[in-house]
Protein chains: 2
Amino acid sequence: MPVLTNIAQLYTVPPDGGADCVEPIADAALAWQDGRITWVGPEAELPGEFQDEPHHDAGSRIVIPGLIDCHTHLCFGGWRGDEFAARLAGASYQDILAAGGGINSTVTATRAASAEELAMKAATVLSDMARLGVTTVEAKSGYGLNTAAELKQLEVYRQLNQTQPLDIIPTFLGAHLVPVEYRERRADYINLLCEEMIPAVAEQQLARFCDVFIEESAFTLDEGRRILECAKRHGLGLKIHADQLSSGGGAGLAAELGAVSAEHLEYASQADIAAMAQAGTVAVSLPLASMYLKEPFLPARPWIDAGARVAVATDFNPGSAPSYHLHLAMTLACVHQQMTPAEVLRGATSHAARAIDLHHDRGSLLPGYLADFTVIDAPDINHWLYHFRPNACCFTVKSGQIIWPTSAAEALVSCCS
Amino acid sequence: MPVLTNIAQLYTVPPDGGADCVEPIADAALAWQDGRITWVGPEAELPGEFQDEPHHDAGSRIVIPGLIDCHTHLCFGGWRGDEFAARLAGASYQDILAAGGGINSTVTATRAASAEELAMKAATVLSDMARLGVTTVEAKSGYGLNTAAELKQLEVYRQLNQTQPLDIIPTFLGAHLVPVEYRERRADYINLLCEEMIPAVAEQQLARFCDVFIEESAFTLDEGRRILECAKRHGLGLKIHADQLSSGGGAGLAAELGAVSAEHLEYASQADIAAMAQAGTVAVSLPLASMYLKEPFLPARPWIDAGARVAVATDFNPGSAPSYHLHLAMTLACVHQQMTPAEVLRGATSHAARAIDLHHDRGSLLPGYLADFTVIDAPDINHWLYHFRPNACCFTVKSGQIIWPTSAAEALVSCCS
């Protein structure tokens, strides 16, 4: 039964509670067994039964729950760096689409790639995420847009769950956009989603959630309702990309259907904010997308003031958010969403866990929860989120096993060296 | 005479030239001796004399000049993370000042710290900067604000130049703000600057440049002129913090006095932009400060269109820019200053070198220049600056010596592993 001691500040981040529930335990210790936490509290109160167990030393640093990136588009073919440069040189998104770029180029590349290629590429990202203290990653399909390619993406996630230590929570996002070949017959694509893809995903248990992008350029509110009601009948949890670029009512639909989360939300109406707060639907903010797109950031205060839970995630994808740096998303959430470091910590741990319906299992450091935690080289979370460094994470532990650093060599050069 | 081969793209970034001067050499090689470059070109044209020299392999990655962070406040006591959190929780800067916070708390902490403490703290930062590919760092005083403490900061830089591999280019910034004890007699502080501090700094050769913060909260245009003219008489080069929060004429003064650079510049007038372009004064943009302060970013296009050179630096300091992540500053310069990756690369290499008057010595990969370069794990600079990662730098070479990674253990976990 291993014990971690010499923790300057331990943030348990319970799943419920007021603003003060993020108050850390000073001079703390943490014990676990078989991948789950058995005891947490002040080190001076560590029960006698733990005294002779193997001790690890946190070096008088802080310990937080393993970070949860609750919104990513992890699996995709290709990149779009040249498009980024072309836009900076003056090309419009229309120019880029006309030249075969934009999201359609990612769809083409994802369809063309083998599952093995996609898995290797995603595994590299997951390995870097582990270095940042991330232990659970929600990951969407949505670049296949036909049955075979959507299932291929979800099968990549199933494979990665077996071959690397992070937990991947898969979401089916066949309703990301209407693919080019269905542009003139979009009803047929919605039929395909409801009659073929969703049943196949559910039958093969390839996803826990179904997500729909409700936006002028993607799906209407009515189309979204039909797709999500179908997914619900098939036993999938619900998520919605809502109100990112205009106020389209997606947040209200999420509340109405009891979705676990709605994402982006920059243009949600005050009525829909209240509805989501009432329904307990998590508001997932994605500040890296706002940064890269030069779009407004989510104003988080109206949400928090209304009693909604605001999560913070990366939105990692090759177009609008080509970064999986969750620490950067968290610092941006402080500065640009006017969230305190304590609110942002909840946003990437307990609230993020709730956004994937796992808040009774992870996202908090309490007895019975997964022993997923990370040691951060900072005196407190205020300093950590203020002083942006390449990486302030010293150790990452997933289900009680150290996953970063994984060798003496790595340990020498982690920030703990 | 070591040779680096297998370089997918080598960016020489010459100090002069049009927009196309950043075009890379494909399949390139680079040779150096005694810390300086001796040959650069396509590997197929590598002269016979180099064939038997020790070869290093760049792994088909890209090579760029060692990055130059041409504007930092590297040496300071304390941090201000709690102030960051207090502001997010609703405290105003006036509240924080009243509680003893703000820049005055950094002055107090810097005065109280020993030179050894300050040097150790700065050395940690420099070591992390080397990992990011930075090989030269401009560093200002300005948190002492009395003769002894200003000289102490500059002596820290002198010591660091002898004890670690990066070059530190010191700038005297006694005119950062009027210290509290001179608030009712600011003329006395300006006399102290001109009659005691500047002569001492010049006599002891502790700085290459003198910088003045011209802003409503700091020094007037007339005060700045007097201080800078005094510095010029003492043989110091000139820099100005100008037009950051309001249009105060600092950019025009920089041009008039022949300053090597002016910094921030978000509110510079069109006439002053033209004057700086005409004078060859480098415009140093500081996007991290804009990000942390939620202030407008420098609109770079009017500067570039006017023929001015725009550099990109971190402004690393404990208040408005508590990050030394130059890659992040560069990505922000792309997105928010609408600079292309090629323009941003110049901004952190050859233009940054010009901002410290060293553009004939570094910032470009040409024969005779310092062998300061870095190997970046990306297919090209578009991808590098688009796909923001914790660190994409695999190797950093300073004056021909590898300074990151410095051991086999480090090499195992650099992104080249």
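Letters A, B, ... mirror the listed sequences (proteins, then strands); counts begin at 1. Computed from a predicted model, the values in this text were never measured in an experiment.
Considering only heavy-atom pairs separated by less than 4.5 Å from chain B, the leading option among A/N382, A/T124, A/D380, A/L385 is A/N382. Between chain B and the residues A/A85, A/S323, A/P322, the largest count of heavy-atom pairs under 4.5 Å involves A/P322. Comparing A/A342, A/P341, A/A86 by heavy-atom pairs within less than 4.5 Å of chain B, the highest count is held by A/P341.
Donor-acceptor pairing under 3.5 Å is lacking for the side chains of B/Y324 and B/D69.
Taking the six-membered ring where the residue is Trp, B/W79 and A/H383 present perpendicular rings, their angle passing 60° and hence far from 30°. Ring geometry for B/Y386 versus A/F84: interplanar angle of 30 to 60°, hence tilted. Using bins of under 30°, 30° to 60° and over 60° for the plane-to-plane angle, the ring pair B/F388/A/F388 lands in the tilted bin. Aromatic ring orientation, A/H325 versus A/H327: perpendicular (interplanar angle above 60°, classes split at 30° and 60°).
Between the A/Q337 side chain and the A/M339 main chain, no donor and acceptor come within less than 3.5 Å of each other. Checking side-chain atoms of B/N104 against main-chain N and O of B/G102 turns up no donor-acceptor pair under 3.5 Å. Panel note: side chain B/S285, backbone B/A311; a donor-acceptor pair is recorded below 3.5 Å.
Contacts between A/I381 and chain B at a heavy-atom distance below 4.5 Å are absent for every atom of the residue. Proximity to chain B is absent for every atom of A/P379, based on heavy atoms less than 4.5 angstrom apart. Of the atoms belonging to B/D82, heavy atoms from both backbone and side chain fall under 4.5 Å from chain A.
Atoms CZ and CG, from A/F76 and A/L118 in turn, are 9.5 Å apart once rounded to the nearest 0.5 Å.
Using non-hydrogen atoms only and a strict 4.5 Å limit, the part of residues 286-295 of chain A facing chain B consists of A/M291, A/Y292, A/K294.
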